[in-house]
Amino acid sequence: MSSERLPSRSEHFSDWYNQLVLRAELADYSPVRGSMVIRPYGWALWENIQDGLDKRFKATGHVNAAFPLLIPLSFFEKEKDHIEGFSPELAIVTIAGGQELEEPLVVRPTSETIIGHMYAKWIKSYRDLPILINVWNSVVRWELRTKLFLRTTEFYWQEGHTAHATESEAEEETLQMLDIYEEFSVNEAAVPVIKGKKTEREKFAGAKDSYSIESMMGDLRALQSGTSHNLGQNFAKAFDIQYLDVGNTLQHCWTTSWGLSTRFLGGIIMVHGDDHGLILPPRLAPTQVVIVPIFRDAEQKSATFEAAEQIKLRLSNSRTLIDRREDLTPGYKFNDWEMRGVPLRIEIGPKDIAAGQAVLARRDLPGREGKQEIALDKLEDTVEDLLINIQESMYEKAVRFRDENTHYVETYDEFKEVLADQGGFIRSHWAGTSEDEAQIKEETKASIRCLPIDRPEGKGRCFFTGKETDQVALFAKAY
RNA sequence: CGGGGUGUAGCGCAGAUGGAAGCGCGCCGCGUUUGGGACGCGGAGGUCGGCGGUUCAAGUCCGCCCACCCCGACCA
C-alpha cells in the first residue's frame, strides 16, 4: 500500500474512488480494457453480499442453478426490444476450434433468452409452475466507458428468473424481490434506497415493467443498485413458454427477472467511505474487528500477542483478526486498516495490559472522537454493542445525507436552478411524457431514476406540465 | 465514437537546447525501532508503450500505430 493520503473525497470524488478501490485492495485493473480483477478482500465482501442475498432467496422458495455462458445469436433476435437494447454491447464468438462457426455465439450479457429456451422445454402444465430459479454468474457487456465495480465489461451478479401461471403472481414476485433488495440494502449494507418503477425510457430491454432501488452516492449522484423486472408475456411469447391450465387451455407464462451485481460494492464504497478510506458496515465487513498488538521488546511482544490471542478467543462471535505483522509500526497499521474500512479496531499494549483494559477505535468516527478505553472484562458486550451501533449510525448518517440533499421543486426553472446550485435528488410531482423526460435529460443531464412507490406527498401539480397528479418522479444525475 | 490527457523500475515522477537512464516510495538483506503512516547501511530491479524515419549519435526530433485514464453520448 502506498504511504500517501487519498485524494480529497469532497474535491476529487472520482480520483478518491479509484485510488480507494486500488489501495484497499478490493480490485485491480486487468489487461483487458474495461475489465477488472476482484482481489481477495473485495471478493470476501462480495461473498458476504452473496450469503445475505442467497439466504433470502432460498427463504422465499428459490433454488440455484447454472446456465451456459455461450448463447446462440439467433436467441437474441427472438425478442425485438431485447436485441435492440443489447446488440450494441454484445461480445460475440465467431471462431472456435480454429474454424468459423456456423452460428455466432453470444457471450451472455444476461440470461433471459437461454433460460426462456429451457423453460419452454421444462414447462408443460400449471403443475410445473411457478418455477423459481436464481443464478450466480458473470456477464459481459461491451461498455464504452467503464469504472471499477460500477461499470465493467464483465461483472458478477445474480440473476433470478421465474415463470408463473398468472399475471398477478408475476407482479407479486417482481415486487417481492424488490422488497428483498431494499431490506438487504438497508439492514445489511446500511445503504438507504428509494424503491420505484422505471419509466418507459429507462426500463429493461424486453420488460413490461422494471423496478429498481436507487441510492444517493457521496457526490450526490444516483446509483441503481438492484433491479426487478416484470417481463409480462414478452419472453414467454418469444420462446414459446406455454402451459396447460386447469381447464386444458394452452396459456403463455408470465415471467420475471431480477438482479443485483458487484456494482453494489461500488455503492457501499461511495455511500460510506471517507478521506481515510473505506468504511464497511459491520454486517458485511470481511473483518469486523482488527486487533493491533503494540510492543517494544521480546518480552512485551509475547505478552501482547498472548493478550491479543485471548481477546480474539473471547470475541468468537465476531470476525476478528490479529495483525501480527512485525515489520510495521502501529501507526502504519492504524491507517492501513482504516483504508480497508474495518469497523472496529482494538489496540492492546503494555500500558493496557497493566491497566486491564484495551483501546477501542470505531472506524465511522475517525480520530480521538471514536476512541475509548474499555476494561477487558467488559470487552465482549462492548464490542457487540458497538458493532450494532456502528451499523445503525452508518445507516442514519446516510439517510440524513440523502434527505438533506433531496429537494422538491414546483417549476422547471426552479428544477434547473436547484440542480445547478445544489445537485442531489429532485423529487417532485410528475405528469410528463417520455419526450418531456428526454428533453429534461438533454437540457440538464438529470434523468428520472424511478417513480417512487412510496409517495407521502399525495396529490400535487407537475412542475413541468402543470397538470394535477399523484405521481412523483425522482430525478438525479446518475451513474 | 467525439474532446482532453498520459505512456521512462512494482507505484509516483524527473530527465531545456539530441551526447554514459535518474529521484522518491515500495521491494530484498542486516541492525536499531514500534501508543497515529520509523531510521541507518547495503542491494535487486529498465527491450524509456510499439514500429518506422532523420542523425555519427534518439527517452529527447518527425510520422504512423497501440494502450490506459478523465470528460461527453450509451448503459446494471
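All values below come from the heavy atoms of this structure, side chains included, with hydrogens, waters and symmetry mates left out. The chains referred to below are lettered A, B, ... by the order of the sequence lines, with proteins before strands, and numbering in each begins at 1.
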Visitor: Can you tell me how far P in B:C71 sits from the matching atom in B:G59, rounded to whole Å?
Guide: 34 Å

Visitor: So A:Lys371, base contact, sugar-phosphate only, or nothing? Heavy-atom distance under 4.0 Å.
Guide: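 The answer is base, as A:Lys371 lies within the cut-off (heavy atoms under 4.0 Å) of a base atom.
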
Visitor: Kindly indicate whether a cation-pi arrangement holds for A:Lys78 with A:Phe75, taking the cut-offs as under 6.0 Å to the six-membered ring centre and within 45° of the axis.
Guide: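 Here A:Lys78 passes the 6.0 Å and 45° test against A:Phe75.
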
Visitor: Distance to the ring centre below 6.0 angstrom and angle to the axis at most 45 degrees; does that hold for A:Arg9 and A:Trp16?
Guide: yes

Visitor: Counting the atoms with a prime plus P, OP1 and OP2 as sugar-phosphate, which does A:Gly349 contact under 4.0 Å by heavy atoms, base, sugar-phosphate, or nothing?
Guide: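 Base, at least one base atom sits under 4.0 Å.
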
Visitor: Look through every strand shown and name the nucleotide pairing with B:G36 as Watson-Crick or G-U wobble, where both distances are under 3.5 Å.
Guide: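 B:G36 is unpaired by these criteria.
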
Visitor: Answer yes or no: are there more than 12 heavy-atom neighbours, outside A:Trp142 itself, under 6.0 Å from its atom CH2?
Guide: no

Visitor: Looking at A:Trp157, does the NZ or CZ of A:Arg141 lie under 6.0 angstrom from its six-membered ring centre and within 45 degrees of the ring axis?
Guide: yes

Visitor: Need one value for A:Lys351: base, sugar-phosphate or nothing, where a base atom within 4.0 Å counts as base even if backbone is also close, heavy atoms only.
Guide: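 Result for A:Lys351 = base.
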
Visitor: Using the P atoms only, state how far B:G24 lies from B:G40, rounded to an integer number of Å.
Guide: 11 Å

Visitor: Contact class for A:Thr152 vs. all strands (heavy atom < 4.0 Å): base, sugar-phosphate, or nothing?
Guide: base

Visitor: With rounding to whole Å, what would you report as the distance between B:G53 and B:A58 at their C1' atoms?
Guide: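 Looking at atom C1' only, B:G53 and B:A58 are 11 Å apart.
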
Visitor: Taking any strand in view, what nucleotide pairs with B:C41 in a Watson-Crick or G-U wobble way, both distances under 3.5 Å?
Guide: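 Base partner found: B:G29.
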
Visitor: Would you mind classifying the nucleic acid contact of A:Val359 as base, sugar-phosphate or nothing, using non-hydrogen atoms under 4.0 angstrom?
Guide: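 Base, at least one base heavy atom under 4.0 Å.
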
Visitor: Among the nucleotides B:G37, B:U34, B:C69, which one has an atom lying closest to any side-chain atom of A:Asp336?
Guide: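 Within the option list, the nearest is B:G37.
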
Visitor: Which of parallel (below 30°), tilted (30 to 60°) and perpendicular (above 60°) describes A:His82 and A:Phe76?
Guide: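 Aromatic pair A:His82/A:Phe76 classed parallel.
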
Visitor: Rounding to an integer number of Å, can you tell me how far A:Phe295 CZ sits from B:U32 P?
Guide: 14 Å

Visitor: Looking at every strand, decide which applies to A:Leu223 at a 4.0 Å heavy-atom threshold: base, sugar-phosphate, or nothing.
Guide: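 No contact.
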
Visitor: Using whole Å, report how far CG of A:Leu6 lies from C1' of B:C11.
Guide: 15 Å

Visitor: Taking syn as a glycosidic torsion within 90° of 0 and anything else as anti, which one is B:A16?
Guide: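 With its glycosidic angle within 90° of zero, B:A16 counts as syn.
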
Visitor: With a 3.5 Å limit on both atom pairs, tell me what B:C11 is paired to, counting Watson-Crick and G-U wobble, or say none.
Guide: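 WC or wobble partner is B:G24.
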
Visitor: Are there more than 12 heavy atoms of other residues, nucleotides or ligands under 6.0 Å from atom NZ of A:Lys397?
Guide: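 Result for NZ/A:Lys397: open.
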
Visitor: Give one of base, sugar-phosphate or nothing for A:Glu347, where a contact means two heavy atoms less than 4.0 Å apart.
Guide: base

Visitor: Give the nucleotide from the list B:G37, B:C74, B:U34 with an atom nearest to the side chain of A:Arg296.
Guide: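 Nearest to the side-chain atoms of A:Arg296, counting from C-beta on, is B:U34.
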
Visitor: If pairing requires Watson-Crick or G-U wobble contacts with both distances under 3.5 Å, which nucleotide is the partner of B:G19?
Guide: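 B:C56 is the nucleotide pairing with B:G19.
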
Visitor: Rounded to the nearest angstrom, tell me the gap between atom NZ in A:Lys301 and atom C1' in B:G35.
Guide: 18 Å

Visitor: NA contact type, A:Leu328, heavy-atom cut-off 4.0 Å: base, sugar-phosphate, or nothing?
Guide: base

Visitor: Between B:C69 and B:G52, how far apart are the C1' atoms? Round to whole Å, please.
Guide: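 Rounded to whole Å, the distance is 27 Å.
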
Visitor: Say we look at B:G22 and B:C64: how far apart would their P atoms be, to the nearest angstrom?
Guide: 32 Å

Visitor: On RNA chain B, nearest-nucleotide positions of A:Tyr479 versus A:Thr146: which is more 5'?
Guide: A:Thr146

Visitor: Heavy-atom count check: over 12 atoms from other residues, nucleotides or ligands less than 6.0 Å from A:Lys371 NZ?
Guide: yes

Visitor: Can you tell me if A:Thr153 and A:Glu143 form a side-chain donor-acceptor pair at under 3.5 Å?
Guide: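 There is no such pair between these side chains.
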
Visitor: Could you tell me how far apart A:Ile348 (CD1) and B:G36 (C1') are, to the nearest whole angstrom?
Guide: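 Spelled out: CD1 on A:Ile348 to C1' on B:G36 is 18 Å.
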
Visitor: Can you measure A:Phe334 atom CZ to B:G37 atom P for me and round it to whole angstrom units?
Guide: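 Going from A:Phe334 (CZ) to B:G37 (P), I get 9 Å.
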
Visitor: I'd like the P distance from B:A21 over to B:G4, given in whole Å.
Guide: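 The same atom, P, in both gives a distance of 35 Å.
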
Visitor: For atom C1', what is the distance between B:U60 and B:U54, given to the nearest Å?
Guide: 13 Å

Visitor: Tell which nucleotide pairs with B:G63, taking only Watson-Crick or G-U wobble pairs whose two distances are both under 3.5 angstrom.
Guide: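 By the stated definition (distances under 3.5 Å), B:C51 pairs with B:G63.
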
Visitor: Between B:A38 and A:Thr329, is there an OP1 or OP2 to side-chain N/O distance shorter than 4.0 Å?
Guide: yes

Visitor: What's the closest nucleotide to the side chain of A:Lys441 if the choices are B:G36, B:U34, B:C74?
Guide: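 For the A:Lys441 side chain, the nearest candidate turns out to be B:C74.
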
Visitor: Contact class for A:Arg368 vs. all strands (heavy atom < 4.0 Å): base, sugar-phosphate, or nothing?
Guide: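 The answer is nothing, as A:Arg368 stays clear of every strand by at least 4.0 Å.
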
Visitor: Nearest of B:G72, B:G35, B:C70 to any side-chain atom of A:Asn18?
Guide: B:C70

Visitor: Expressed in angstrom and rounded to an integer, what is the separation of A:Glu326 atom CD from B:U34 atom P?
Guide: 14 Å

Visitor: Taking the minimum atom-to-atom distance to the side chain of A:Ser14, which one of B:C71, B:G35, B:G36 wins?
Guide: B:C71

Visitor: Using whole Å, what does the distance between atom P of nucleotide B:C74 and atom CD of A:Glu202 come to?
Guide: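 Distance, rounded to whole Å: 9 Å.
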
Visitor: Looking at A:Lys147, does any N or O in its side chain come under 4.0 Å of the phosphate oxygens OP1/OP2 on B:C69?
Guide: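 A:Lys147 to B:C69 OP1/OP2: no side-chain N or O under 4.0 Å.
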
Visitor: Determine the interatomic distance between P on B:G26 and the same-named atom on B:G37; round to the nearest Å.
Guide: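 Looking at atom P only, B:G26 and B:G37 are 14 Å apart.
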
Visitor: Partner of B:G2 by Watson-Crick or G-U wobble geometry, both contacts under 3.5 Å, or none?
Guide: B:C71

Visitor: Could you check how far CD1 of A:Ile294 sits from P of B:G36, rounded to whole Å?
Guide: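 Rounded to the whole Å, the gap is 8 Å.
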
Visitor: Any idea which of B:G37, B:A73, B:C74 is nearest the A:Asn335 side chain?
Guide: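 Nucleotide nearest to A:Asn335's side chain: B:G37.
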
Visitor: Once you apply a heavy-atom cut-off of 4.0 Å, does A:Phe204 come out as touching a base, just sugar-phosphate, or nothing?
Guide: nothing

Visitor: Testing the 3.5 Å rule here: is there a donor-acceptor pair between the side chains of A:Gln224 and A:Ser212?
Guide: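 A:Ser212 and A:Gln224 do not have a side-chain donor-acceptor pair below 3.5 Å.
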
Visitor: What's the closest nucleotide to the A:Tyr29 side chain, out of B:G37, B:C69, B:G36?
Guide: B:C69

